[in-house]
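Note that the structure is predicted; figures quoted are calculated from it, not measured. Below, read A as the first sequence line, B as the second, and so on, with proteins coming before strands; counting in each chain starts at 1.
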Number of protein chains: 2
Amino acid sequence: MDKEIVLKAIANDTRMSILTLLLRHNYCVRALANELDLAEATISQHLKVLREAGLLVGEKRGYFMHYDVERSALLELAKEIEALAGIEREGCRPEDRNDCPAVEEQACPKKGQCDDEVKEFCHGPGHGRDDGEGEGHHGNCSCHKS
Amino acid sequence: MDKEIVLKAIANDTRMSILTLLLRHNYCVRALANELDLAEATISQHLKVLREAGLLVGEKRGYFMHYDVERSALLELAKEIEALAGIEREGCRPEDRNDCPAVEEQACPKKGQCDDEVKEFCHGPGHGRDDGEGEGHHGNCSCHKS
DNA sequence: CTTCTAATTAGATATTGACCTAATCATATT
DNA sequence: AATATGATTAGGTCAATATCTAATTAGAAG
C-alpha cells in the first residue's frame, strides 16, 4: 500500500463523501453524481482515484458498476498513522551526522560541544565558525540552545 | 479537528518526512532544509501547513524554533479512519429517497419494485419510465439489478 | 447486428499547491 | 541602538488537481 496515494485519495472532500456514501449503500455513478451535485464524469474520475488507491473495488453488474469499499485498506492506513504517532524521540548523537539536530536540551550528551561537521549540518555551510572557539550560541546546534 | 485539513497536511511526501524527522529529533528549519534539500522558506511553509492542521506546536527558544509533533492529533486521526472503516452497510429503504440506491440484491426489500421517484433518483430525470410497467431492467434502481 | 445506456476517457480550463528568490520580521548579541 | 541571524511572509512560476462538456467504450436488449 502506498500511504501517500491513499492519503491523497481521501484528503479530498468529494472523495471522502463518495467513500462514506459507498460504505452505507450501493450507488450507481449517476446516483452519486445526483447526490453530490457533480457531473458523472467527475464522479468517475474520483472513483478512479479511489480505486487506484486500493480503497474501492468495482464490479460491473448488468448496466451498473457496483463499488465496494475496501475497509481493510482503511484499517491498514489507520494502523500506519497510529504507528507514526508511536515513533519515539531518539537521543542526541552529534557524532552521527544524521542524528545531530536532536532532542531536548537536558538529554543531549554533548551540550555546547558540537564539532564543525555538526554545526554545518545544523546551521548550513558558512554558519559554523572555523575559529575554534566552539562556545556560545553560534557554535551550538539547535538542540543545545535554551 | 478538521479531518480534511489534517489529511491534506500529511498527504504530501515532504510534510510526511518533516513529521517523521520531528518525531525523532529537534530540527531547526535550516537543518530540515538541509536534510530534505529544499529552501528554508519552503520548509517554513510546510511547517505552517502542519501547524495549522494542529499536527505541530512551535515554540521559539533563543534563535531557534522548536517544533513538537502533536502525537495526539495523529492518534485522533487514526481513530477517525478506523471509525470510517467501521461504518456498516444499511438496508435498502426505497421509500426514503435518500436511502434508495442501496445495498446488496439479496438484502433489498423492494427488489424490482422501485417507484418513479426512486427510479429518478437512481437513474436521473428521463430515465425512469412513466408507462407504469415497472418491470425488467430499466425500472430498477441500481441495487436491484444482478 | 444494431441500438441503447452506464461508465469511462479525452480534451480544455480554472484553481490549488509546491517551490524558489527576495524582502521582512523578531529576537539575540555587541 | 546597531547589527546579525533564524524564521516567516510576499510574490512569482510551474505542475498537479478538480471540474466541465463531448466523445468513446463496454455491455445489455431487442
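A/His46 has no side-chain polar atom (N or O) that falls below the 4.0 Å cut-off from OP1 or OP2 of D/dT17. OP1 or OP2 of D/dA18 sits under 4.0 Å from a side-chain N or O of A/Arg15. Taking 4.0 angstrom as the limit, B/Thr42 places none of its side-chain polar atoms (N or O) nearer than this to OP1 or OP2 of C/dA18. Note on A/Arg51: a side-chain N or O is less than 4.0 Å away from OP1 or OP2 of C/dT8. Note on A/Thr14: a side-chain N or O is less than 4.0 Å away from OP1 or OP2 of D/dT19.
Across the protein-nucleic acid pair, B/Gln45 atom CD and C/dC20 atom P stand 10 Å apart, rounded to whole Å. At whole-Å resolution of the value, CG in A/Leu47 and C1' in D/dA18 are 14 Å apart. Remark: P of D/dA7 and CG of B/Leu22 are 12 Å apart, rounded to the nearest angstrom. Straight-line distance from the CG atom of B/Leu50 to the C1' atom of D/dA7: 16 Å, rounded to whole Å. Taking atom CZ of A/Phe64 as the reference point, atom P of C/dA6 lies 6 Å away to the nearest angstrom. Atom pair A/Ile18:CD1 and D/dT19:C1' shows a separation of 13 Å (rounding to whole Å applied). Per the geometry, CG belonging to A/Leu32 stands 14 Å off P belonging to C/dA6, to the nearest Å. Spacing between atom CD1 of B/Ile5 and atom P of C/dG17 amounts to 10 Å, rounded to whole angstrom units.
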- Taking it one step at a time, do A/Arg89 and B/Asp68 satisfy side-chain contact (heavy atoms from CB on, under 4.5 Å)? CA-CA 10 Å; A/Arg89 233 52 209 292; B/Asp68 276 306; 3.9 Å; yes
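Residue B/Tyr67 is the one, among A/Asn12 and B/Tyr67, whose nearest nucleotide of DNA chain D lies closer to the 5' end (criterion: closest heavy atom). Comparing A/Ala41 and B/Glu40 along DNA chain D, the residue whose closest nucleotide (by nearest heavy atom) sits nearer the 5' end is B/Glu40.
The one candidate from A/Val6, A/Ile18, A/Val57 that meets the side chain to side chain contact (heavy atoms under 4.5 Å, CB included) condition with A/Leu50 is A/Ile18.
Here the side chain of A/Ser44 is nearest to one of C/dG17, D/dA7, C/dT9, namely C/dT9. Checked against D/dT8, D/dT21, C/dA7, the side chain of A/Ala39 finds its nearest nucleotide in D/dT21.
With A/Arg15 contributing its side chain and A/Lys8 its backbone, the two residues share a donor-acceptor pair below 3.5 Å. The closest donor-acceptor contact from the side chain of A/Ser17 to the backbone of A/Asp13 lies under 3.5 Å.
From A/Glu76, atom CD reaches atom CD1 of A/Ile81 across 11.5 Å, with rounding to the nearest 0.5 Å.
Within the 4.0 angstrom heavy-atom criterion, only backbone atoms of the sugar-phosphate kind lie near A/Leu38; the bases stay farther away.
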